[in-house]
Amino acid sequence: MFSNLKQALVITRANLFSLPRRLSISLSMVVSIMLVVCVLTGFLAMANGFETALRSAGSSSVAVILGGGTNQESGSDVPPAVIRTLAAMTGDIGVVRTDDGSLFASREIVTTVDFTPDDETNARTLALRGMDQMGPSIRDNITLTEGRDVTPGSREIVVGARMAAELNLDIGRTVRLGPLEWTVVGHFSSNGSALESEIWADLEAVQSAFDRQGQVQSLRVRLIDPTAIRLLQENLSAAVTTAIVVVPEADLYAAQSGRTANLIRMFGWPLALLMAIGAIAGTLNTMMNSVSDRTVEIATIRTLGFSRFAAFVSTWLEAVVLAGAGVALGLLTSRLIFDGWQASTMGVNSARMAFQLTVTADVMVTAGLLGLAVGIIGGTMPALSATRLPLTEALRSNG
């Protein structure tokens, strides 16, 4: 066995040194595998970045109360009676309270608005969120990077840092959102999460501007700790008869991110697999050309006593090495192009959401394995062909 492996390594080295004779067709194989890796990496990085942006927006220490039995803010309507009942509860219900004993909570409503950037002709659909004054402080990792918070009752907005940079929403600028004009008074960051794609305003100002007086789509409360949500659920279930849903904010965003991320993967995988099939055909062509180019060499070493196993392994390893080169180039190119690339798509609440593509280790491993599989599968048949080469005919063909 050791002798066979040694023979295989000797032939493999000779095969690799002879690659300049087949440079163009070998490069075509490397490039085709590189493209397969790039395409799959791009789609997986997009799905990964979208999930990361949404998952990081939610906190397990914040509970979201939704009405109507839905698990999405867009279709929710929390009755005023539920809010009054919750506010009237005394004792420990699992929610943080302020110094005056009131609940650390924020009533909120989300509406979509169209906005046309200065350098574009098509309008973008953005999410305008109205909230109580406690809204920003309830959330984790929110930092006011510029300006100030909105004044209660005024038509002022605070814009996510990512959206502000993309749409040139500088502090002091007046923009039309819906039927009225609003003034940008601040920018906030949330460590790159989906929240940076939102516009925040005073709850009553949004209700008045869009003729939705008294409507509340969600009620966010700060929990004492993540496990306290069970206590809150039990207290609300016992106190109200209206259909309501109480979920951790982290779970709310995770469920919404999973649907879109899976859709992105559903587009990416079939395309990458189709390209992989084409690359396998290219690998077959490249390696069959390699065997044909080295017909006399293979026959000669076989005559000198080299085994069929050595001929198979050497040809197969040549395909794997070329595939490995394609994978390496594909991963390097993908990392340079896609990692940190800004993208946007329709996110939660049917509004545009910006996010960064993220090329993580698991994305690279998955795409790399697909590229190597192309070489492994595509190199098998030519390798078998090398072991079955008729020695006398091969030598005779050389005259």
Side-chain angles (χ1 to χ4, degrees), residues 54-55 57-111 127-142 150 152-153 194-195 198 200-208 210-259 348-349:
L54 269 178
R55 289 180 183 274
S59 170
S60 57
S61 295
V62 175
V64 182
I65 301 172
L66 304 171
T70 183
N71 59 356
Q72 295 185 16
E73 284 185 279
S74 57
S76 170
D77 186 7
V78 182
V82 172
I83 300 174
R84 289 194 298 268
T85 299
L86 182 63
M89 289 182 178
T90 58
D92 183 12
I93 60 172
V95 177
V96 175
R97 295 182 182 273
T98 61
D99 293 338
D100 61 2
S102 60
L103 298 178
F104 195 15
S106 171
R107 300 166 300 160
E108 301 187 0
I109 186 172
V110 181
T111 185
L128 173 63
R129 181 182 294 272
M131 59 175 66
D132 287 324
Q133 275 191 294
M134 293 183 186
S137 56
I138 283 179
R139 292 166 166 82
D140 290 338
N141 303 316
I142 299 297
V150 301
L195 296 179
E198 291 187 346
W200 292 351
D202 176 69
L203 173 65
E204 293 182 359
V206 174
Q207 290 173 332
S208 175
F210 294 90
D211 196 23
R212 299 170 71 175
Q213 287 86 349
Q215 184 179 4
V216 174
Q217 287 180 303
S218 65
L219 178 66
R220 277 172 167 77
V221 294
R222 188 77 187 182
L223 299 172
I224 296 173
D225 60 68
T227 60
I229 192 168
R230 294 182 179 178
L231 181 59
L232 176 61
Q233 289 170 333
E234 292 172 358
N235 278 274
L236 276 176
S237 298
V240 300
T241 57
T242 307
I244 58 171
V245 175
V246 183
V247 295
E249 188 183 47
D251 292 354
L252 178 68
Y253 283 113
Q256 294 171 342
S257 69
R259 288 189 291 269
V348 296
N349 302 311

Q: Which residue in the set N235, I65, V64, V221 passes side chain to side chain contact (heavy atoms under 4.5 Å, CB included) when paired with V246?
A: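 For V246, the side chain to side chain contact (heavy atoms under 4.5 Å, CB included) test succeeds with only one of N235, I65, V64, V221, which is I65.
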Q: Look only at the side chain of T85 and the backbone of A81, and say whether a donor-acceptor pair between them is shorter than 3.5 Å.
A: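 Side chain of T85 to backbone of A81, a donor-acceptor pair under 3.5 Å: yes, one is there.
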Q: Between L232 and L86, does a side chain to side chain contact (heavy atoms under 4.5 Å, CB included) hold up when you go through it step by step?
A: CA-CA 9 Å; L232 176 61; L86 182 63; 3.9 Å; yes
Q: Between M89 and L236, is there a side-chain heavy-atom distance shorter than 4.5 Å?
A: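 L236 reaches M89 side chain to side chain.
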Q: Tell me the closest heavy-atom pair linking D77 and Q215, and the distance in Å.
A: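 Shortest heavy-atom separation between D77 and Q215 comes out as OD1-CG, 3.9 Å.
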Q: Please give me the minimum heavy-atom distance between S218 and E73, naming the atom from each residue.
A: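 What the structure gives for the nearest pair is OG-OE2, 2.9 Å.
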Q: Which atom pair, heavy atoms only, marks the closest approach of G67 to S76?
A: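 That closest heavy-atom pairing would be N-OG, 2.8 Å.
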Q: Mind running side chain to side chain contact (heavy atoms under 4.5 Å, CB included) on F210 and I109 for me, showing each step along the way?
A: CA-CA 11 Å; F210 294 90; I109 186 172; over 6 Å; no
Q: Taking salt bridge (Lys or Arg N to Asp or Glu O under 4.0 Å) as the test, write out the residues that go with E249, two or more places apart.
A: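 Residues passing salt bridge (Lys or Arg N to Asp or Glu O under 4.0 Å) with E249: R220.
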Q: Mind checking whether M134 and T98 have side chains closer than 4.5 Å, heavy atoms only?
A: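 The answer is yes; the side chains approach within 4.5 Å.
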Q: Does D99 have more than 12 heavy atoms from other residues, nucleotides or ligands lying within 6.0 Å of its CG?
A: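 Atom CG in D99 is not crowded, with 12 or fewer foreign heavy atoms closer than 6.0 Å.
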Q: To the closest 0.5 Å, what do you measure between CD (E198) and CG (L128)?
A: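 Here the interatomic distance stands at 9.5 Å.
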Q: Is the CD atom of E204 crowded by more than 12 outside heavy atoms at less than 6.0 Å?
A: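 Atom CD in E204 is not packed in, count stays at 12 or less.
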Q: Using every non-hydrogen atom in the two residues, find where S106 and G135 come nearest and quote the distance to one decimal.
A: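 It is OG-CA, 3.4 Å.
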Q: What distance do Q217 atom CD and L203 atom CG have between them, rounded to the nearest 0.5 Å?
A: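 Answer for the CD-CG pair, Q217 versus L203, is 10.0 Å.
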Q: Quick check: closest heavy atoms across S60 and A250, and the distance to 0.1 Å?
A: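 That would be N-CB, 3.8 Å.
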Q: Carefully, step by step, assess V216 and Q207 under the rule side chain to side chain contact (heavy atoms under 4.5 Å, CB included).
A: CA-CA 9 Å; V216 174; Q207 290 173 332; 4.3 Å; yes
Q: Ignoring hydrogens, what is the shortest heavy-atom contact between I138 and F104? Give both atom names and the distance.
A: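 Taking I138 first and F104 second, the nearest heavy atoms are CD1-O, 3.7 Å.
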Q: Report the distance from atom OG1 of T111 to atom CG of D211, rounding to the nearest 0.5 Å.
A: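 With rounding to 0.5 Å, OG1 (T111) is 11.5 Å from CG (D211).
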Q: Near R212 CZ, under 6.0 Å, is it more than 12 heavy atoms from other residues, nucleotides or ligands?
A: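 Yes, enclosed.
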Q: Would you give the length of the straight line joining atom CZ of R222 to atom OG of S61, rounded to the nearest 0.5 angstrom?
A: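 With rounding to 0.5 Å, CZ (R222) is 5.0 Å from OG (S61).
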Q: Looking at side-chain heavy atoms only, is the closest gap between L219 and E108 below 4.5 Å?
A: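 Side chain of L219 against side chain of E108, heavy atoms only: no contact under 4.5 Å found.
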Q: For D92, what residues pass the side-chain contact (heavy atoms from CB on, under 4.5 Å) criterion, not counting sequence neighbours?
A: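 Per chain and number, D92 pairs via side-chain contact (heavy atoms from CB on, under 4.5 Å) with I224, L231.
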